[in-house]
**Student:** 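Quick one: structure below, then a few questions.
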Amino acid sequence: MPELPEVETIARFLREGGRGQPPLVGARAAGVEVLWERTIAAPSPAGFAARLPGAVLETVGRRGKFLWMAWDAAGFLVVHLRMSGDLVVVPPGEAPPKHSRWLIRFDDGRTLAFDNPRKFGRTWLVPDLQMVVGHLGPEPLDSALTPADFHARLQRHRRQVKPLLMTQTFLAGLGNIYTDEALHRAGVHPQTRAHCLSPVQAARLLEAIRAVLQEGLAMNGASIDWMYRGGGFQNAFRVYHRAGEPCLTCGTPIERIIVGQRSTHFCPRCQSLMKCEV
DNA sequence: CCTGAAACCTGTCTGC
DNA sequence: TGCAGACAGGTTTCAG
């Protein structure tokens, strides 16, 4: 379940607790089990399992779609959920999820499980967080990113805007759902060439990106299929997964096309493809 | 630089 | 019921 709002929701839960569960921050790791070795990107699975026991979880944060956990004596545990990952706190005595790829046992009896049916997720244990997230573009919600900066960054690319927005070195955190929603909100066709967007359109697009992310965050992200954390954003989709249904703005049927190999949903009337000479 | 295809994986749903 | 095919919130690598 992994775009920025979903990852942030998980980080928030580990940090602060919720739904009757206490925070995980403050707990001490007792043991580690690696159930699918290829999920550990660095160090070796054995090194990963050996370094954590005895360490106390101090902080949990997010950068782009990466979730990180800082430990008092073991550095940073960094997780990328990819398509189907989730981090689950299992109460004492309960069984971890069926598709758990690693488990961290805590000395209070709880277990942190990395649930990941499609094995795409990756985990790192590193001394410096930047070793994993250093290549990422700016955080979309960081006010240091101004509309003028955003426009200047768009000007550097001739690509279709949708795949560009999903490129994590360009902007960190957007995925297929929030990109489609933001483009609709901004009235921008997903295949518009990035450098063709005017300063006004760029500002409107940045504003739309922030609005959909904030809306997702306020609803604890989106819950689809087998992944459920109580998120509600799936009930607020305006275009995603709504092919054939009327646009909530103008009533025109939403279309579904493939852009950059990803399923793409848009309103052909609200998001017409404008001419661009340059 | 840009695009598309393929690979990495398992599960669910649809249609015959 | 069985089975094939499409599809899924992501990223990387490679060919053209």
Side-chain angles (χ1 to χ4, degrees), chain A residues 1-11 35-42 62-67 78-87 97-101 114-124 132-137 140 153-183 190-196 209 212-213 215-217 219-244 256-265 276 278:
Chain A
M1 40 185 300
E3 294 183 46
L4 186 156
E6 289 75 29
V7 178
E8 183 66 39
T9 297
I10 295 172
L35 278 18
W36 176 256
E37 297 208 338
R38 290 170 60 184
T39 211
I40 312 297
R62 176 198 60 76
R63 174 77 170 94
K65 299 175 193 173
F66 291 83
L67 181 145
V78 190
V79 181
H80 197 301
L81 275 17
R82 296 282 179 97
M83 292 286 270
S84 62
D86 197 1
L87 288 168
K98 181 179 171 188
H99 299 292
S100 296
R101 305 308 178 193
F114 179 40
D115 185 26
N116 189 212
R118 290 175 77 181
K119 299 181 177 174
F120 290 167
R122 290 294 177 267
T123 305
W124 297 256
V132 180
V133 304
H135 66 290
L136 294 174
R153 291 176 69 82
L154 288 166
Q155 287 293 111
R156 287 184 217 131
H157 301 272
R158 307 181 70 84
R159 286 223 269 162
Q160 301 179 119
V161 67
K162 167 164 177 179
L164 181 61
L165 291 176
M166 292 176 64
T167 299
Q168 302 300 299
T169 48
F170 179 78
L171 192 66
L174 288 186
N176 209 32
I177 293 179
Y178 290 89
T179 303
D180 278 5
E181 295 295 325
L183 288 168
Q191 290 175 303
T192 308
R193 299 286 157 176
H195 71 285
C196 293
I209 289 166
V212 296
L213 290 175
E215 193 178 356
L217 284 167
M219 302 181 92
N220 293 316
S223 305
I224 297 180
D225 298 338
W226 61 91
M227 318 246 268
Y228 187 75
R229 300 186 73 81
F233 188 62
Q234 67 281 3
N235 299 315
F237 292 164
R238 300 194 193 188
V239 285
Y240 186 79
H241 248 320
R242 293 195 63 244
R256 175 179 177 277
I257 60 175
I258 302 297
V259 179
Q261 301 185 84
R262 304 303 299 276
S263 176
T264 299
H265 315 75
C276 171
V278 193

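The figures that follow rest on heavy atoms only: side chains count, while hydrogens, waters and symmetry mates do not.
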**Student:** Between which residue ranges does DNA chain B form stems of three or more consecutive Watson-Crick or G-U wobble pairs, both distances under 3.5 Å?
**Tutor:** B:2-8 with C:10-16, B:10-16 with C:2-8

**Student:** Less than 4.5 Å apart, side chain to side chain, heavy atoms only: is that true for A:Lys119 and A:Arg38?
**Tutor:** no

**Student:** Round to a whole Å and report the spacing from NE2 of A:His265 to P of C:dG9.
**Tutor:** 8 Å

**Student:** In whole angstroms, how far is the C1' atom of C:dA8 from the CG atom of A:Asp180?
**Tutor:** 14 Å

**Student:** Nearest-Å distance, CZ (A:Phe66) to P (C:dT11)?
**Tutor:**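 Nearest whole value for this atom pair: 7 Å.
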
**Student:** Do A:Leu171 and A:Thr167 touch side chain to side chain, with heavy atoms closer than 4.5 Å?
**Tutor:** no

**Student:** Base, sugar-phosphate alone, or nothing: which one does A:Tyr240 contact when heavy atoms must sit under 4.0 Å apart?
**Tutor:**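 A:Tyr240: backbone/sugar contact only, no base atoms under 4.0 Å.
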
**Student:** Counting only side-chain nitrogens and oxygens, does A:Ser263 get under 4.0 Å of the OP1 or OP2 atom of C:dA8?
**Tutor:** yes

**Student:** To the nearest 0.5 angstrom, please state how far the CG atom of A:Leu154 sits from the CZ atom of A:Arg193.
**Tutor:** 13.5 Å

**Student:** Using whole Å, report how far CE of A:Met166 lies from P of C:dT12.
**Tutor:** 12 Å

**Student:** Classify A:Arg156 by what it touches in the nucleic acid, base, sugar-phosphate, or nothing, heavy-atom distance under 4.0 Å.
**Tutor:** nothing

**Student:** Classify the ring geometry between A:Phe233 and A:Tyr178 as parallel (under 30°), tilted (30 to 60°) or perpendicular (over 60°).
**Tutor:** parallel

**Student:** Over how many whole Å does the gap from A:Lys98 atom NZ to B:dT10 atom P extend?
**Tutor:**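 A:Lys98 atom NZ is separated from B:dT10 atom P by 11 Å.
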
**Student:** Find out whether A:Asn116 and A:Leu81 are in side-chain contact, i.e. whether some heavy atom of one side chain is under 4.5 Å from a heavy atom of the other.
**Tutor:** no

**Student:** State whether A:Asp180 and A:Lys162 are salt-bridged, where the test is any N-O pair (Lys NZ or Arg NE/NH1/NH2 against Asp/Glu carboxylate O) under 4.0 Å.
**Tutor:**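 Counted as a salt bridge, because a side-chain N and a carboxylate O are separated by less than 4.0 Å.
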
**Student:** List the atom of A:Arg153, the atom of A:Thr169, and the distance in Å for their closest heavy-atom pair.
**Tutor:**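 Closest approach of A:Arg153 to A:Thr169, heavy atoms only: NH2-O, 3.5 Å.
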
**Student:** Generate the contact string for nucleotides 3-9 of chain B. Rules: B means base contact, S means sugar-phosphate contact only, - means no protein heavy atom under 4.0 Å.
**Tutor:** S-BB-BB

**Student:** Quick one: does A:Phe114's side chain get under 4.5 Å of A:Thr123's, heavy atoms only?
**Tutor:**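 Yes, at least one pair of side-chain atoms sits under 4.5 Å.
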
**Student:** Whole angstroms only, please: what is the CZ-P distance between A:Arg262 and C:dA6?
**Tutor:** 18 Å

**Student:** Between B:dA5 and C:dC7, how far apart are the P atoms? Round to whole Å, please.
**Tutor:** 14 Å

